[in-house]
There are 2 protein chains.
Amino acid sequence: MIEETGFRMERLKETAVSAAPPSRRATDAGQGISADLIAVLTAVTRGEPRVLTIQDQSALPSGPFQLEHRSLQAGLRAWVERQTHLPLGYIEQLYTFADRDRSGVSDGYPVISISYLGLTREQPASGEYEASWRSWYVYFPWEDHRTGAPPMIGESLLPALERWAKGDRSLAQNRWQRIAMTFGLEGRSWNEELVLQRYELLYEAGLIPEAWRTGAPAVPAIAGRPMILDHRRILATGIARLRAKIKYHPVVFELMPETFTLLQLQRCVEALAGRLVHKQNFRRLIEQQELVEETGELTADTGGRPAKLFRFRREVLAERAIVGTKLPIQRS
Amino acid sequence: MIEETGFRMERLKETAVSAAPPSRRATDAGQGISADLIAVLTAVTRGEPRVLTIQDQSALPSGPFQLEHRSLQAGLRAWVERQTHLPLGYIEQLYTFADRDRSGVSDGYPVISISYLGLTREQPASGEYEASWRSWYVYFPWEDHRTGAPPMIGESLLPALERWAKGDRSLAQNRWQRIAMTFGLEGRSWNEELVLQRYELLYEAGLIPEAWRTGAPAVPAIAGRPMILDHRRILATGIARLRAKIKYHPVVFELMPETFTLLQLQRCVEALAGRLVHKQNFRRLIEQQELVEETGELTADTGGRPAKLFRFRREVLAERAIVGTKLPIQRS
DNA sequence: CATCCTTATACTCCCTTTGAGTATTATATG
DNA sequence: CATATAATACTCAAAGGGAGTATAAGGATG
């Protein structure tokens, strides 16, 4: 039954903090290990980067890799399409995790988590699994720098991180250097791609509720909404990958409607990168790379002067192997 | 027994072309699937990029992920260190494959292959598993462009690819475009990172012996030395990853001895990239990024004027998150 | 020992890219 | 009709990167 619906409800019903070994294990008499396929499905809606979640926003869609699946991608597509009725377009593999101490299972057979990043446009998901779209930044409030560095970094994260760094004399210097590097302190600039490194640092410092499963709570939950198992780590991996990838491959267009204005495209990129982009230079970049073509139409929905509508030139994917789409990120 | 030595000898003893389902399957009474850890272990010796192989140069080291392994990396390290007695330094995950039609197993339980890239300096490997180091370019003779495009591309690959492209009228144009893009034809330049795309194209065109397992031989084996199962695809993935990575992360130094001259460093990079680099600009790049520091010593072993010896400044790994080490590749 | 070959290293030049602005145009709204 | 908001065009300077020349310092060769 569980295998047929895909998601392991036993596991999903656990709260984020208590994660007893799923009862499914007990029914597995076999010797082998098992592999879960986990999807980070992303869309950008009204200027917010969003992720498809299930189970009261606490889990990513996932299902076991099964005999009838011809390939990993095929298995993932099967699960997501059956469970959300969303057409799964662009997908790419993210990472394969199997750390015993992070999956919430401390004994029994190991579970391998094979994660994928998928890009679509947001559509209402079916309600069977409590599927809903949520902003990335609900889970990672320190990652959105579009209106400057979030106050919570200076107010709660950094003080707590500093306490942690000082907690071990011999490691203090090393720890502080990692903090400074990942958070862009001491003259260094913010690097939006270090999503996973920041999360892992906070995890190590005990500021992530997911870390408390293997021990006692260290500090109050100050660092974003948790998820079950290591799902938030997987989401961090997906965000990091996407933030890196938009700079050298035209994947943004998978998130855009058929036609769009250049500002809409820019807002989408900004939502993903979590920071603002220099408007004029952004346009220059897009146009000189011939990534888009005019549709000939205008739209007046933008507030000011009507904007030209563009469409993605799908041909470029065939013409060029790798397209440099570096972001003209605003420094001041 | 098999589990203890790690490599599945049954599978490894198969020839490259015939790949019957391994007998190990029969002993697995369990329901679960199984996961193999596969290592692409690379070194650069005397100007040649090399890979550690076993079983008469036809396989990559691999072993099953087991209960006692705390993590995937831990499992891989355990196998490689036990089997080759090499200290496994830098490793990173490559990709997880599980295509039923590519693994040589058309029925039975699926095998997941989790592959890793490892970088070391070449050391004699133990002989138990017929471990030996081989040049990458034995398996991918079309990938070494250091002395210009290999003649075999024009003499055998392109004619055969063209025949294949023309073999299907409706796909001909699309196929030819892919050929032109991956091999840098028609005004496009050679892109050394497209290792996997080129291999997959040749595979699709039936020019790779590994592809004949699921059908009849199409053409004589012209395209490099084969490997068992999909090991050559995994090697291609590793080469592609490494060629991309040396451009933005200082991983080359994992392959270098403690001290080295700048020309030695350059030759190493050239071996990996499969193409030549502009000497003066390469030095400028390395020095202005402060990746190295002088040891104060000179070496006269280089043939001409004695060269300064340098050592990698390991501190940069902590100082900066991502270092741009773009290659000043020679155009003319 | 003068010459040549080979490699090392310093420096120049110029074109392209890119960060950061200013200026101008076109709508909607009060 | 002034004003706000976008859209779009254009400028400018600094940095980066491709390509080459010039010079230095060894060994090998006759």
Side-chain angles (χ1 to χ4, degrees), chain A residues 46-47 189-192 246-248 259-270 273 275-310 320 322-332, chain B residues 46-47 189-192 246-248 259-270 273 275-310 320 322-332:
Chain A
R46 274 165 276 115
S189 56
W190 175 260
N191 183 341
E192 72 280 357
I246 49 174
K247 289 177 191 150
Y248 63 87
T259 66
F260 47 82
T261 70
L262 290 182
L263 186 59
Q264 284 166 350
L265 183 64
Q266 181 185 340
R267 293 286 178 245
C268 179
V269 166
E270 288 173 337
R275 53 197 309 190
L276 297 180
V277 147
H278 188 281
K279 190 175 189 168
Q280 297 92 321
N281 292 348
F282 179 76
R283 301 167 124 271
R284 175 172 66 187
L285 215 59
I286 298 293
E287 287 180 335
Q288 83 189 173
Q289 290 185 136
E290 300 178 285
L291 292 175
V292 296
E293 61 190 3
E294 299 184 10
T295 66
E297 285 165 284
L298 295 176
T299 176
D301 303 342
T302 51
R305 168 175 170 177
K308 287 179 189 165
L309 282 171
F310 292 84
R320 302 193 285 266
I322 292 173
V323 191
T325 322
K326 291 187 178 171
L327 300 187
I329 281 172
Q330 222 145 20
R331 284 193 186 150
S332 60
Chain B
R46 274 166 275 114
S189 56
W190 174 259
N191 184 339
E192 72 279 358
I246 49 174
K247 290 176 190 153
Y248 63 90
T259 65
F260 46 83
T261 70
L262 290 183
L263 187 59
Q264 285 166 352
L265 182 65
Q266 181 184 339
R267 293 285 178 246
C268 179
V269 166
E270 289 173 336
R275 52 196 312 191
L276 297 180
V277 147
H278 186 281
K279 189 175 188 167
Q280 297 91 324
N281 292 347
F282 179 75
R283 300 167 123 271
R284 175 172 66 187
L285 214 59
I286 298 295
E287 287 180 335
Q288 83 188 175
Q289 290 184 134
E290 299 179 286
L291 293 174
V292 296
E293 62 190 3
E294 300 183 12
T295 65
E297 286 166 283
L298 295 176
T299 175
D301 302 343
T302 51
R305 169 177 168 178
K308 287 179 187 165
L309 282 171
F310 291 85
R320 302 193 285 267
I322 292 173
V323 191
T325 321
K326 292 189 178 170
L327 300 187
I329 280 174
Q330 222 145 18
R331 283 193 186 148
S332 58

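What you see below is based on every heavy atom in this structure, not just the backbone, and it leaves out hydrogens, waters and symmetry mates. Treat the numbers as computed from the prediction; the structure is a model and nothing was measured. Chain A is the first sequence line, chain B the second, and so forth, proteins listed ahead of strands; every chain is numbered from 1.
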Legend entry - Options C/dA10, D/dA25, C/dT27, nucleotide nearest the side-chain atoms of A/Pro306: C/dT27

Inset, instruction - Identify which nucleotide among C/dA8, D/dA9, D/dT21 has an atom closest to any side-chain atom of A/Lys308, counting heavy atoms from C-beta outward. - result: D/dA9

Legend entry - Backbone of A/Leu309 reached by a side-chain donor or acceptor of A/Thr295 within 3.5 Å: yes

Legend entry - For atom CD1 of A/Ile286 and atom P of C/dT18, their distance in whole Å: 12 Å

Inset, instruction - Using atom CG of A/Leu263 as one end and atom C1' of D/dT5 as the other, report the distance to the nearest whole Å. - result: 11 Å

Legend entry - Main-chain N/O of A/Ala307 paired to A/Thr299 side chain as donor or acceptor, under 3.5 Å: no

Legend entry - Length of the line joining B/Gln280:CD and D/dA24:C1', which is rounded to integer Å: 14 Å

Legend entry - Under-3.5 Å donor-acceptor pair between B/Arg305 side chain and C/dT6 base: no

Inset, instruction - Could you tell me whether the side chain of B/His278 has a donor or acceptor atom within less than 3.5 Å of a complementary atom in the base of D/dG17? - result: no

Inset, instruction - Using whole Å, report how far CD of A/Glu287 lies from P of C/dT17. - result: 16 Å

Legend entry - Residue closer to the 5' end of DNA chain C, A/Ala300 versus B/Gly304 (nearest nucleotide): B/Gly304

Inset, instruction - Please report, rounded to the nearest Å, how far the C1' atom of C/dA20 is from the CZ atom of A/Arg283. - result: 16 Å

Inset, instruction - Could you check how far NZ of B/Lys247 sits from P of D/dG17, rounded to whole Å? - result: 13 Å

Inset, instruction - Compare the minimum distances between each of C/dT18, C/dG19, C/dA10 and the side chain of A/Asn281, then state the nucleotide with the smallest one. - result: C/dG19

Inset, instruction - Let me know the distance between CD of B/Glu270 and P of C/dT7, rounded to the nearest Å. - result: 12 Å

Inset, instruction - Choose from D/dA19, D/dA6, C/dT27 the nucleotide whose nearest atom is closest to any side-chain atom of A/Lys279. - result: D/dA6

Inset, instruction - Indicate, yes or no, whether a donor-acceptor pair under 3.5 Å links the base of D/dG16 to the side chain of B/Arg284. - result: no

Legend entry - Backbone N/O of A/Val277 and side chain of A/Gln266: donor-acceptor pair under 3.5 Å: yes

Inset, instruction - Spell out yes or no: do the side chain of A/Gln288 and the base of C/dT18 have one donor N/O and one acceptor N/O closer than 3.5 Å? - result: no

Inset, instruction - Starting at NZ of B/Lys279, measure out to CD of B/Glu270 and round the result to the nearest 0.5 Å. - result: 9.5 Å

Legend entry - N/O donor-acceptor pair under 3.5 Å between A/Gln264 side chain and A/Thr261 backbone: yes

Inset, instruction - With DNA chain D as reference, determine whether A/Phe310 or B/Leu298 sits nearer its 5' end, using the nearest nucleotide of each. - result: A/Phe310

Legend entry - Nearest-nucleotide pick for B/Thr261, side chain only, options being D/dT8, C/dA8, D/dA7: C/dA8

Inset, instruction - Can you tell me the distance, in whole Å, between the CZ atom of B/Arg267 and the C1' atom of C/dT7? - result: 10 Å

